[in-house]
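Everything below concerns the one structure shown next.
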Amino acid sequence: MRAYDHLVKYGIRPSAQRLSIMEYLLSHRTHPTSDEIFENLKETIPTLSKTTVYNTLKHFHEKGAVLHLSIDHKNARFDGYTHPHAHFLCSRCGCVADLDLKIAPEVDVPKGLSVKEVLVYLHGLCESCKESETNSNY
């Protein structure tokens, strides 16, 4: 019901495919691509297509129900958690992690502009990749 409530909260009609895609995003905090979502859902939803997944994610983003992350320059990634937070991308293994980051709501926005979304990305090495890099130097 968590996916249903999330979609309704953002004014999205909860069809079976939309519910499955949203539930996947809320259950997998890996910031998946549309292809990853499709690959993981296609066996349980035989009528699902890559186009449907892509269009559904686009619709979710337009309604504010998911974040569209461009942190990875090769693939668009999606996050079902829309609360203010930052993201970290490991430049070696490509994992994406959520970071709690205190962002001051007071931003000097020029007159006439309206901020809809703030995305903060950090790049570096995750703990596992950093350890393997340190160990390979010896």
Side-chain angles (χ1 to χ4, degrees):
M1 291 317 265
R2 158 174 91 147
Y4 179 90
D5 293 339
H6 189 83
L7 294 179
V8 169
K9 173 183 171 184
Y10 288 95
I12 299 169
R13 187 179 52 81
S15 68
Q17 291 182 337
R18 288 174 177 176
L19 285 167
S20 295
I21 293 168
M22 193 70 242
E23 185 59 42
Y24 186 87
L25 281 169
L26 294 174
S27 300
H28 297 84
R29 301 289 304 268
T30 58
H31 308 88
T33 65
S34 59
D35 285 342
E36 290 170 345
I37 295 169
F38 171 75
E39 289 299 322
N40 283 285
L41 295 179
K42 70 181 181 181
E43 288 185 28
T44 57
I45 309 172
T47 59
L48 189 67
S49 70
K50 285 186 179 186
T51 302
T52 298
V53 173
Y54 177 80
N55 288 337
T56 299
L57 292 168
K58 181 180 177 191
H59 180 63
F60 286 178
H61 179 254
E62 288 169 352
K63 291 288 199 170
V66 301
L67 298 177
H68 176 268
L69 308 178
S70 57
I71 189 171
D72 176 353
H73 299 294
K74 298 174 188 169
N75 299 297
R77 294 176 173 266
F78 297 88
D79 190 351
Y81 289 87
T82 58
H83 67 282
H85 64 287
H87 293 93
F88 176 87
L89 171 70
C90 178
S91 55
R92 177 174 286 162
C93 73
C95 72
V96 178
D98 289 328
L99 298 174
D100 286 326
L101 184 63
K102 307 300 181 224
I103 303 171
E106 303 83 28
V107 177
D108 188 16
V109 178
K111 186 177 180 177
L113 299 181
S114 176
V115 176
K116 180 179 177 184
E117 186 175 52
V118 175
L119 300 172
V120 177
Y121 301 140
L122 290 88
H123 295 255
L125 294 177
C126 68
E127 184 176 358
S128 179
C129 289
K130 187 176 174 185
E131 284 178 14
S132 68
E133 183 178 82
T134 302
N135 294 336
S136 68
N137 288 337
Y138 293 102

Quiz prompt | Single-linkage hydrophobic cluster Val53~Leu67, side-chain heavy atoms < 4.5 angstrom | solution = no
Quiz item: Is His68 reaching over with its side chain to a backbone N or O of Lys58, donor-acceptor style, under 3.5 angstrom?
Solution: no
Quiz item: Where does the angle between the aromatic ring planes of His83 and His85 fall among parallel (under 30°), tilted (30 to 60°) and perpendicular (over 60°)?
Solution: parallel
Self-check item: Candidate pair Gln17 and Thr56, rule side-chain contact (heavy atoms from CB on, under 4.5 Å), full reasoning
Solution: CA-CA 9 Å; Gln17 291 182 337; Thr56 299; 5.7 Å; no
Quiz prompt | Non-hydrogen atoms of Phe88 and His123 that approach each other most closely | solution = CE1-C, 3.9 Å
Quiz item: Can you tell me how far OG of Ser34 sits from CG of Asn55, rounded to the nearest 0.5 angstrom?
Solution: 10.0 Å
Quiz item: To the nearest 0.5 Å, how far apart are OG in Ser20 and CG in Leu41?
Solution: 6.0 Å
Quiz item: Just checking, any donor-acceptor pair under 3.5 angstrom between side chains of Asn40 and Tyr24?
Solution: yes
Self-check item: Enclosure of Asp5 CG (heavy-atom neighbours >12, cutoff 6.0 Å)
Solution: yes
Exercise. Assess the side chains of Asp72 and His31: does a donor N or O sit below 3.5 Å from an acceptor N or O?
Key: no
Quiz item: Distance-only, no hydrogens or angles: does the Arg18 side chain make a donor-acceptor pair with backbone N or O of Arg13 under 3.5 Å?
Solution: yes
Quiz item: Got a donor-acceptor contact below 3.5 angstrom from the Ser91 side chain to the Gly124 backbone?
Solution: yes
Quiz item: Going through the checks in order, is the side-chain contact (heavy atoms from CB on, under 4.5 Å) test met by Cys93 and Cys126?
Solution: CA-CA 8 Å; Cys93 73; Cys126 68; 3.8 Å; yes
Quiz item: What are the two closest heavy atoms between Gly94 and Arg77, and how far apart are they?
Solution: O-NH2, 3.4 Å
Quiz prompt | Shortest non-hydrogen contact from Gly80 toward Val66 | solution = CA-CG1, 4.2 Å
Quiz item: If you round to the nearest 0.5 Å, how far is CG of Leu57 from CE of Met22?
Solution: 9.0 Å
Exercise. Please check if Leu48 and Leu7 belong to a single hydrophobic cluster, counting links between Ile, Leu, Val, Met, Phe, Trp and Tyr side chain heavy atoms closer than 4.5 Å.
Key: yes
Exercise. Flag yes if Ile71 and Leu25 sit in one hydrophobic cluster, no otherwise; membership is Ile, Leu, Val, Met, Phe, Trp, Tyr, and two members link when side-chain heavy atoms are under 4.5 Å apart.
Key: no
Quiz item: For Arg92 and Ser132, which heavy atoms make the closest approach, and how far apart are they?
Solution: NH1-OG, 3.3 Å
Exercise. Report the distance from atom CG of Asp79 to atom NE2 of His87, rounding to the nearest 0.5 Å.
Key: 4.0 Å
Quiz item: When you look at OH of Tyr10, are more than 12 heavy atoms from neighbouring residues, nucleotides or ligands closer to it than 6.0 Å?
Solution: yes
Exercise. Using modelled atom types only, decide if a donor and an acceptor are shared between the side chain of Ser27 and the backbone of Glu23 within a distance under 3.5 Å.
Key: yes
Quiz prompt | Under 3.5 Å: donor-acceptor pair, side chain of Tyr81, backbone of Leu26 | solution = yes
Quiz item: Could you state the interatomic distance from NE2 (His59) to OG1 (Thr52), rounded to the nearest 0.5 Å?
Solution: 13.0 Å
Quiz prompt | Within one Ile-Leu-Val-Met-Phe-Trp-Tyr cluster: Leu89 and Leu125, side-chain cutoff 4.5 Å | solution = no
Exercise. State the CG-CG distance between Leu69 and Asn75, to the nearest 0.5 angstrom.
Key: 11.5 Å
Practice problem: State, to 0.1 Å, how close Ala86 and Leu122 come at their nearest heavy-atom pair, and which atoms those are. | Solution: CB-CD1, 4.1 Å
Quiz item: Should Tyr54 and Phe60 be counted in the same cluster of Ile, Leu, Val, Met, Phe, Trp and Tyr side chains packed under 4.5 Å apart?
Solution: no
Practice problem: Assess whether atom OH of Tyr121 is packed by more than 12 heavy atoms of other residues, nucleotides or ligands within 6.0 Å. | Solution: yes
Quiz item: Can you name the nearest heavy-atom pair linking Pro14 to Val8, along with the distance?
Solution: CG-CG2, 4.2 Å
